[in-house]
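Comments concern the structure below.
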Amino acid sequence: MSELRVRFAPSPTGYLHVGGARTALFNWLLAKKQGGTFILRIEDTDVERSTKESVDAILDGMKWLGLEWNEGPFFQSDYFPLYKEYVQKLLDAGKAYKCYCSAEVLDAKRELAMKEGRKPKYDGTCRERSDQPEGPYVIRFKAPRDGATSFDDLIKGTITFPNEELDDLIIQRTDGTPTYNFCVVIDDATMKITTVIRGDDHVNNTPRQVQLYEALGFPVPQFAHVPMILGSDKARLSKRHGATSVIAYRDMGYLPEALMNYLVRLGWSCGDDEIFSRAEMVQKFDIGSIGRSASVFDPDKLNWLNAHYIKSCDPERLAHLLLPHLSSREITTLGGPDLVAVVKTLQERAQTLEEMAERAVFYYNAPTSYDDAALAKFDSSHLLAVFAAVTAKLAAVDVPDVSPIDALFKVVCSENGWKMGQVGQPVRIALSGGTQAPGIAEIVVVLGGTETIRRIEKMQGYLSGK
RNA sequence: GUCCCCUUCGUCUAGCCCGGCCCAGGACACCGCCCUUUCACGGCGGCGACACCGGUUCAAAUCCGGUAGGGGACGCCA
């Protein structure tokens, strides 16, 4: 184990979204690569908005992706006494003070500042006051007013903020609970986090946190701020761009390794490589190769990766993963063709498990209607002749394998002077109802001789009834 | 508005630190051709970008300055 300690610290106010998942992934990758420790911490200091459901949803998402953590989950709500202790330390050291300004007054001042084009920040009304009036108060950190605070970001380089831009932030609310910026510092310090990898939207918080580390006498960790993920319109990714929840991608039929691969390549690269197994991404990951700019989430590329992983997936596992997508269509595989065999015929032609399930339906439910437009390309005497010839041949053989069936169709063609298209397509429609399906011999083998003949006969009946 | 960050094909990106190998490479998407009993897969090819303006230099995507555009933050949310 190396000294490296990283953490993923989501707030449980919703599910695990792709942005969070990518941040978690980068943390996990670095820990794995360096043999460090990956800690999961739930930031639930906002008791109002935090829910148990969200905690579970986040944990589910991480488990599905295989982002296993070494320590935690820790809940900030369990550490309120600890935070209090440090607030008191700051108070005792004269590095924090009580502020009696009401939220209303503060809001009004903020609004006014905005309107006048000034940066809205606390004006320091209570900073030097010595009286101790009755009434509610918050506790503010007494931030340095001159100079500048800077840090070396592993991704963005040195970032410097003039201290006059930073105001005295509230570290404890009126109700006595600590605030986020304070808790993170205490937690990251006490958990001995060495590298903080988090979203870009936190860079503005970082200088305040650095000041807090220094005031508390803690070593300042390294920071790495990863750029945001945007929607196709370049606005921050949100629900209106489509699914953002990791679990939603599972439900839409994406493989976890596909999402992982997509996410790792979003904002990070290793030469021209596109496909990364877990082991490869761990081995090749390098925090310095994370790009500095935001990236747009591209569902098309995710689809491509998913198709790739479906193609190379073990059919047994795929069949297992496909089950829920089948049952949501009220399809039972009992008494029908072997699902693994079905999956093998569909692997090359599906981008998601949902799509695969849709394409698998006909194997279990014989078509109840046919693609008449496709049928209309042949006249019915031809169709009837084809079906008669095919069933005659089929009835006489076993259907053990694809190649004899292919041969059988070739014989039917040559004996009657037909082209493959004139035979295959009608049979395909009879068996699947439509024109988009696996190879005809594959279908016949999976369905079996008896069922194949039954379906062709059904089609013959349909034709003569017209 | 103020501060911080960012800017290579439609998208993800390589190259940038250590200028010439880059009239910029790969991938997704798109288009075409081939394969083919359908749909796909696959193969081959095409389209397509250094935000802009100045400067430094024999030479700039790469260095410097400015401009524009985009994003983020500005909460007793995290």
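Only a predicted model underlies this, so the values are computations on that prediction, with no experimental measurement involved. A note on names: the letters A, B, ... follow the listed sequences, proteins ahead of strands, and every chain is numbered from 1.
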Any base atoms under 4.0 Å from [X], or only sugar-phosphate, or nothing? Heavy atoms, all strands.
X        : value
A:Ser293 : sugar-phosphate
A:His202 : base
A:Thr160 : sugar-phosphate
A:Cys270 : nothing
A:Asp167 : nothing
A:Ile440 : base
A:Glu165 : sugar-phosphate
A:Lys311 : sugar-phosphate
A:Ser11  : sugar-phosphate
A:Asp406 : base
A:Pro438 : base
A:Thr13  : nothing
A:Val296 : sugar-phosphate
A:Gly267 : sugar-phosphate

If the C1' atom of B:rC41 is compared with that of B:rU36, how far apart are they to the nearest Å? 11 Å
When the C1' atoms of B:rG48 and B:rC23 are considered, how many whole Å apart are they?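 Their C1' atoms lie roughly 15 Å apart.
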Taking the side chain as every heavy atom from C-beta outward, state whether A:Phe151 and A:Thr160 have any atom pair closer than 4.5 Å. no
Any side-chain heavy-atom pair of A:Leu40 and A:Pro10 under 4.5 Å: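 SC-SC contact between A:Leu40 and A:Pro10 confirmed.
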How long is the line joining [atom1] of [X] and [atom2] of [N], in whole Å?
X        : N      : atom1 : atom2 : value
A:Tyr83  : B:rA78 : OH    : P     : 11 Å
A:Leu169 : B:rA73 : CG    : P     : 17 Å
A:Phe409 : B:rU37 : CZ    : P     : 13 Å
A:Lys156 : B:rU7  : NZ    : C1'   : 12 Å
A:Asn204 : B:rC5  : CG    : P     : 9 Å
A:Asp233 : B:rG10 : CG    : P     : 17 Å
A:Ile159 : B:rC3  : CD1   : P     : 16 Å
A:Glu111 : B:rC74 : CD    : P     : 16 Å

Any residue meeting side chain to side chain contact (heavy atoms under 4.5 Å, CB included) with A:His202, in chain and number order, not counting sequence neighbours: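 So A:His202 forms a side chain to side chain contact (heavy atoms under 4.5 Å, CB included) with A:Tyr180, A:Arg198, A:Asn205, A:His225.
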OP1 or OP2 of B:rU11 sitting under 4.0 Å from any side-chain N/O of A:Lys234? yes
State the pairing partner of [N]; accept Watson-Crick or G-U wobble contacts with both distances under 3.5 Å, and report none otherwise.
N      : result
B:rC16 : none
B:rC47 : none
B:rC74 : B:rG1
B:rA29 : none
B:rC63 : B:rG55
B:rA40 : none
B:rA68 : B:rU7

Measure from NZ or CZ of A:Arg140 to the centre of the six-membered ring of A:Tyr122 and say whether it is under 6.0 Å with the direction within 45° of the ring axis.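 Yes; both conditions hold, so A:Arg140 lies above the ring face of A:Tyr122.
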Partner set under side chain to side chain donor-acceptor pair (under 3.5 Å) for A:Gln211, not counting sequence neighbours: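 A:Gln211 satisfies side chain to side chain donor-acceptor pair (under 3.5 Å) with A:Thr149 only.
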Do the ring planes of A:Trp304 and A:His308 sit parallel (below 30°), tilted (30 to 60°) or perpendicular (above 60°)? tilted
Of A:Leu266 and A:Asp44, the one whose closest nucleotide on RNA chain B sits nearer the 5' end is A:Leu266
Of A:Glu274 and A:Ser102, whose nearest nucleotide on RNA chain B comes first from the 5' end?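 Nearest nucleotide further toward 5': that of A:Glu274.
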Base of B:rC16 relative to its sugar, syn (within 90° of 0) or anti? anti
Derivation and outcome, ring pair (Phe, Tyr, Trp, His ring centres under 6.0 Å), residues A:Tyr462 and A:Tyr370: CA-CA 9 Å; A:Tyr462 171 78; A:Tyr370 301 103; 4.9 Å; yes
Where the side chain of A:Thr179 is concerned, which of B:rG72, B:rC76, B:rU11 is the nearest nucleotide?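 Nucleotide nearest to A:Thr179's side chain: B:rC76.
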Contact summary for A:Thr195 and A:Val6, nearest pair of heavy atoms: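 Heavy-atom minimum between the residues: O-CG1, 3.6 Å.
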